[in-house]
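Notes follow the structure.
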Amino acid sequence: AAAAAAAAAAADGGGERSEAIVVAKPKAAPKLADEREDFDWTGDGRPFRLAHGRAARVCYDAASQRKERVRLALAQLRGQEEMKFGINEEDTQRYGHEVVRHIGPYTPYGGLSERGRSHRAALPEVRPRFRDFVVRRLAENVSLLAACSEGGGGLRMASLGSGELLFELELVERLRARTGMRIERICLIDRAYRQPHVNTRRALREFADWQRCAAQLVGHEPAEVLAFGSLMDFFKAAERGGRAAGCHLLVHCDAPWPGALEDA
């Protein structure tokens, strides 16, 4: 399979506004009467946890304005509308460091977040530049696009150290919008997924819900979402014939090394 790897914040682009403001704790996701568990949270999560997602949960509490809110969220993720971010004081106390989340009424991904040295409040342009670099490189790779479309398939990608998935949510939606490709499979790899706490579970569920919702909006089959609790588990599943085999794109965000700034 074709391979494309991206592991540094590089190239031009970006420009979203990041506002380091204190916001209220995101509301808990609404419960539906017939809600099922999308992940089996029992056991050790090996080799992976499989997400199904439910489009009906996205912006469920917006009631009659649901369609409008969903389309606004889609436009924000694609860069067509402004997307604001904030720092939650309660998150800072809980984790011992700043956590950046999307803010806004009825946000369908308030449970997703990013942290680390390059989060948007600290370095507002780094992650958007990295995101745009990845999107542009894939969009310009004609042979890769052809390989992804073979046999009615789609893009298969993996993200290492994906955490609570805010960056991955943006990246996937920009790839879908720019290339028009179906997203076939998303492998998420983070040790936090082995025995995830409640916030990580919410992030995984909201991510999976959005993938199903966004796919429906553009008439695609939804992506398969696999959550791995270790790199070795992913490595084994990515062997020929494995469930995670044949990824076209491997992303590792916020992976600094000496000289990384100069390379960017």
Side-chain angles (χ1 to χ4, degrees), residues 2-16 18 51 53 73-83 85 100-102 107-109 111-120 123-141 144-145 148 154-190 193 203-204 206-215 217-218 220 222-228 234 244 247-255 264:
D12 41 289
E16 285 87 344
S18 291
L74 181 68
Q76 287 177 327
L77 288 172
R78 293 186 169 191
Q80 299 158 352
E81 294 285 347
E82 182 182 18
M83 188 171 180
F85 303 90
V100 175
R101 299 186 188 276
H102 172 253
T107 174
Y109 29 78
L112 279 64
S113 72
E114 66 182 32
R115 62 195 79 180
R117 300 182 189 180
S118 66
H119 73 65
R120 277 161 234 251
L123 297 169
E125 294 187 6
V126 170
R127 293 198 186 205
R129 287 175 61 194
F130 179 39
R131 176 203 65 210
D132 293 345
F133 167 69
V134 176
V135 172
R136 186 173 66 252
R137 288 296 298 271
L138 259 72
E140 293 171 352
N141 192 327
L144 176 61
L145 296 181
C148 293
L155 179 69
R156 299 185 294 272
M157 64 174 288
S159 180
L160 175 61
S162 42
E164 291 185 358
L165 299 165
L166 181 57
F167 174 80
E168 285 72 18
L169 189 75
E170 274 193 288
L171 176 61
V172 170
E173 204 51 56
R174 297 292 178 108
L175 287 168
R176 195 180 347 245
R178 177 76 181 271
T179 67
M181 286 189 297
R182 174 189 168 226
I183 309 299
E184 180 180 348
R185 184 195 308 135
I186 306 169
C187 295
L188 305 169
I189 310 152
D190 198 294
Y193 305 153
L204 285 165
E206 288 186 1
F207 182 89
D209 287 351
W210 179 262
Q211 296 314 312
R212 186 164 288 270
C213 179
L217 288 173
V218 296
H220 291 170
E224 180 178 65
V225 180
L226 308 179
F228 292 85
F234 169 72
C247 281
H248 304 106
L249 171 68
L250 171 65
V251 178
H252 188 187
C253 184
D254 202 33

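In this structure, Leu160 and Val251 have side chains that are not in contact, with every pair of non-hydrogen atoms separated by 4.5 Å or more. Side-chain contact between Met157 and Leu175 is present, with heavy atoms from C-beta onward closer than 4.5 Å. Using a 4.5 Å cut-off on side-chain heavy atoms (C-beta onward), Met83 and His102 make contact. Within the 4.5 Å cutoff, the side chain of Pro222 has no heavy atoms near those of the Gln211 side chain. Counting heavy atoms from C-beta on, the side chains of Asp209 and Tyr109 never come closer than 4.5 Å. For the pair Arg127 and Glu114, the minimum side-chain heavy-atom distance is below 4.5 Å. Glu170 has its side chain out of reach of Arg78: every pair of non-hydrogen atoms, C-beta onward, lies at least 4.5 Å apart. For the pair Leu226/Arg185, a side-chain contact is recorded, criterion being any heavy-atom separation below 4.5 Å from C-beta on.
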Evaluation steps, side-chain contact (heavy atoms from CB on, under 4.5 Å), between Val225 and Leu204
CA-CA 9 Å; Val225 180; Leu204 285 165; 5.9 Å; no
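Looking at every heavy atom in both residues, Ala203 comes nearest to Glu164 through CB-O, 3.7 Å. Between Ser159 and Glu168, the closest heavy-atom pair is OG-OE2, 2.7 Å. Minimum interatomic distance between His220 and Gly180 (heavy atoms only, all atoms of both residues): CE1-O, 3.6 Å. For the residue pair Tyr193 and Ala227, the shortest heavy atom distance occurs at CD1-CB, 4.0 Å.
If you take CZ on Phe167 and CZ on Phe130, they are separated by 5.0 Å, rounding to the nearest 0.5 Å. A distance of 11.0 Å separates CZ in Phe228 from OG in Ser162, rounded to the nearest 0.5 Å. Taking CG from Leu165 and CG from Leu171, the interatomic distance works out to 11.5 Å, rounded to the nearest 0.5 Å. Here the straight-line distance linking atom CD1 of Ile183 with atom CD of Glu173 works out to 8.0 Å at 0.5 Å rounding. With rounding to the nearest 0.5 angstrom, the CZ atom of Arg176 is 10.0 Å from the CZ atom of Arg182. One distance of note links CZ of Phe234 with SG of Cys247; it measures 4.5 Å at 0.5 Å rounding.
Environment of CD in Glu81: sparse, with no more than 12 heavy atoms of neighbouring residues, nucleotides or ligands closer than 6.0 Å.
At distances below 3.5 Å, at least one donor-acceptor pair connects side-chain atoms of Glu206 with backbone N or O atoms of Gly111. A side-chain donor-acceptor contact under 3.5 Å links His248 to the backbone of Arg156. At distances below 3.5 Å, not a single donor-acceptor pair connects side-chain atoms of Arg174 with backbone N or O atoms of Arg131.
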